[in-house]
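Notes follow once the structure below has been shown.
In what follows, residues are counted from 1 in the order of the sequence shown.
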Amino acid sequence: MKLFRAKAMILILAACHGAHAQNPVDESDAIRRATALKVHGDFAGAIAILAPIAASPSTGLSDEMKGVVWSLLGSTYQISDNFGRAQYCYERAITVLQQLPSAQTELASAINGLGSLEETLGQSTESERLRKRAEKIYEMLDDHAGMARISTSLAIIALRNNDRSAARAYLARALQESRLAHGLEEDDFASMSSVQGWLALNEKKPQLALSFFEDAIAHWTRRHGANSCQVATGMVLRAEAREGNGDFTDASTDIQQAENIFLNVLGRNSTLYWNTVLQEAALLKREGRRRDSWFLEKSATSALGNIERQGCVNCTITAEAFR
């Protein structure tokens, strides 16, 4: 399940980051509604509100808020697997925000979002470079919440690179910064717990991982509801820990429940849904149901290939965002 784990954690952080350190709710009822829709999994509804606001030349929003809208829209497109549009939005956000000395926190968040997208597209080196750039901004601002978030992101990159020592160091910093931070939300604590669980799985400690994933699911349930993509992702991660403990029945139940949530929220054209189907196929194979496993694996692999071709897998950062 390592592939799912990596993709899921990246998308979780993408889904979370847009609501952090930006607080658009006081600026506009429309942005407040869009933010609420995104939190509760109605990504299409959020996009329908945000896209016209971002594109309108006559909006009454300040430049800072316009950059925030672009960044929020980028993270919403990303969780919807529309990577080309996500990149465009993040770059527009960076272009606007880097010209505003008062908007450095929002700028760091947008850069972190673009880094998350690059990681989703398999560009770990570029993702790390962007995260390090955001890290410098947060350090300059003495922003402990931002440092907790960026350290969590960097821990994910380290784990994907099989550098457990670096991952532990980043996690330790994330936890330290979280104790000094103000304004952290359920998503932040869930993300840190999830990465702790991921590290425990890499260290062959499934029981410890299970406790971290349970904690993450509790945070996500309070924030997004029991039928959210975040909770579904937690279920698949928990399934891996349960499988490691030899609990195949509960692992299978977790995967099937997660599959249903992703299908209901994101539809069939979703990488999270089809990656979960792949995990179900792997479990079926281990149960000796090779024919059923083969059918699911073939369907999921084909669907993921189609999504990848549609999702701008060759997106590269343009110069516009860094002029």
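- Across Cys229 and Phe43, no two heavy atoms sit closer than the pair SG-CE1, 4.1 Å.
- Side-chain contact, Asp188 with His219: no donor N or O sits under 3.5 Å from an acceptor N or O.
- Here the closest non-hydrogen pair linking Leu266 and Ile79 is CD2-O, 4.3 Å.
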Derivation of the side chain to side chain contact (heavy atoms under 4.5 Å, CB included) call for Tyr77 and Cys89: CA-CA 9 Å; Tyr77 275 130; Cys89 292; 3.8 Å; yes
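- Rounded to the nearest 0.5 Å, atoms CG (Asn227) and CG (Asn260) are 10.0 Å apart.
- Under a cut-off of 6.0 angstrom, the local environment of CZ in Arg222 is crowded, with over 12 non-hydrogen atoms contributed by other residues, nucleotides or ligands.
- Scanning both residues, Leu72 and Thr35, for their nearest heavy atoms gives CD2-OG1, 3.6 Å.
- The backbone N or O of Gly115 sits less than 3.5 Å from a side-chain atom of Ser127, completing a donor-acceptor pair.
- Shown here are the salt bridge (charged side-chain N to carboxylate O under 4.0 Å, His left out) partners of Arg85, two or more places apart in sequence or in another chain: there are none.
- Note that the OG1 atom of Thr105 and the CE atom of Met140 stand 8.5 Å from one another [nearest 0.5 Å].
- The distance from the CD atom of Glu119 to the CD atom of Gln78 is 10.5 Å, given to the nearest 0.5 Å.
- Under the 4.5 Å side-chain heavy-atom criterion for ILVMFWY residues, a single connected hydrophobic cluster contains both Leu263 and Leu278.
- No donor-acceptor distance shorter than 3.5 angstrom exists from the side chain of Asn161 to the backbone of Asp163, with no hydrogens or angles considered.
- Here the straight-line distance linking atom CE of Met235 with atom CD of Gln257 works out to 4.5 Å at 0.5 Å rounding.
- For Ala108, the side-chain contact (heavy atoms from CB on, under 4.5 Å) test picks out Ala134, Ile137, Tyr138, with sequence neighbours left out.
- Residues meeting the ring pair (Phe, Tyr, Trp, His ring centres under 6.0 Å) test with Trp70, sequence neighbours left out: Tyr88.
- Looking at Ile47 and Ser80, their side chains come closer than 4.5 Å, going by heavy atoms from C-beta outward.
- Proximity of a side-chain donor or acceptor of Ser56 to a complementary backbone N or O of Ile53 within less than 3.5 Å is not detected.
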Steps toward side chain to side chain contact (heavy atoms under 4.5 Å, CB included) verdict (Trp274, Ser302): CA-CA 9 Å; Trp274 286 111; Ser302 175; over 6 Å; no
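- Phe212 belongs to a hydrophobic cluster whose other members, connected by ILVMFWY side-chain contacts under 4.5 Å either directly or through intermediates, are Leu208.
- In this structure, Trp220 is not a member of the same hydrophobic cluster as Phe189, with clusters built from ILVMFWY side-chain heavy atoms closer than 4.5 Å.
- In this view, Glu64 satisfies the salt bridge (charged side-chain N to carboxylate O under 4.0 Å, His left out) rule with no residue, not counting sequence neighbours.
- Here the CE-CG distance, from Met192 to Asp187, works out to 10.5 Å after rounding to the nearest 0.5 Å.
- Under a cut-off of 6.0 angstrom, the local environment of CZ in Phe295 is sparse, with at most 12 non-hydrogen atoms contributed by other residues, nucleotides or ligands.
- Cluster membership check: Leu184 does not share its hydrophobic cluster with Met147, using side-chain heavy-atom separations under 4.5 Å among Ile, Leu, Val, Met, Phe, Trp and Tyr.
- Asp63 and Lys66 are not joined by a salt bridge, as no carboxylate oxygen comes within less than 4.0 angstrom of a charged side-chain nitrogen.
- For the pair Phe248 and Glu243, the minimum side-chain heavy-atom distance is below 4.5 Å.
- When all heavy atoms are compared, the tightest approach of Tyr90 to Ser71 is CE2-O, 3.7 Å.
- Scanning for salt bridge (charged side-chain N to carboxylate O under 4.0 Å, His left out) contacts around Lys205 gives Glu203, with sequence neighbours left out.
- No side-chain heavy atom of Asn112 sits under 4.5 Å from any side-chain heavy atom of Leu130.
- Gln196 has its side chain out of reach of Leu199: every pair of non-hydrogen atoms, C-beta onward, lies at least 4.5 Å apart.
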Check against side chain to side chain contact (heavy atoms under 4.5 Å, CB included), Ser270 and Asp81: CA-CA 7 Å; Ser270 159; Asp81 287 330; 4.3 Å; yes
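- A pairwise comparison of heavy atoms in Asn202 and Arg164 identifies O-NH1, 2.9 Å as the closest pair.
- Here the closest heavy-atom approach between residue Ala209 and residue Gly197 is recorded as CB-O, 3.4 Å.
- Salt bridge Arg131/Glu135: absent, no basic N to carboxylate O contact under 4.0 Å.
- A salt bridge links Arg129 with Glu126: the distance from a Lys NZ or Arg NE/NH1/NH2 to an Asp or Glu carboxylate oxygen falls below 4.0 Å.
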Evaluation steps, side chain to side chain contact (heavy atoms under 4.5 Å, CB included), between Leu201 and Phe213: CA-CA 11 Å; Leu201 282 178; Phe213 292 141; 3.6 Å; yes
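- Although no hydrogens or angles enter the test, the distance criterion places no donor-acceptor pair under 3.5 Å between the side chain of Glu280 and the main chain of Thr276.
- Under the rule for a side-chain contact (heavy atoms from CB on, under 4.5 Å), the partners of Thr221 that lie at least two apart in sequence or sit in another chain are Ile217, Ala226, Val231.
- Using a 4.5 Å cut-off on side-chain heavy atoms (C-beta onward), Arg32 and Asp29 make contact.
- Grouped with Leu210 in a hydrophobic cluster is no other residue, since no side-chain heavy-atom contact under 4.5 Å to another Ile, Leu, Val, Met, Phe, Trp or Tyr is found.
- One distance of note links CD of Gln279 with CG of Leu284; it measures 11.5 Å at 0.5 Å rounding.
- You'll find the side chain of Trp198 stays beyond 4.5 Å of the side chain of Leu237, heavy atoms only.
- The side-chain contact (heavy atoms from CB on, under 4.5 Å) check on Lys298 picks up Trp294, with sequence neighbours excluded.
- For Asp292, the salt bridge (charged side-chain N to carboxylate O under 4.0 Å, His left out) criterion is met by Arg289, not counting sequence neighbours.
- With side-chain heavy atoms closer than 4.5 Å counting as contact, directly or through intermediates, the hydrophobic cluster containing Tyr170 also holds Leu154, Ile157.
- Contact of the Asp42 side chain with the Lys38 side chain is not registered, since no non-hydrogen atoms from C-beta on lie closer than 4.5 Å.
- Every pair passing salt bridge (charged side-chain N to carboxylate O under 4.0 Å, His left out) that includes a residue from residues 245-260 is listed here, sequence neighbours excluded: Arg238-Asp254, Arg242-Asp254.
- Here the side chains of Met65 and Ile31 are in contact, with some heavy-atom distance below 4.5 Å.
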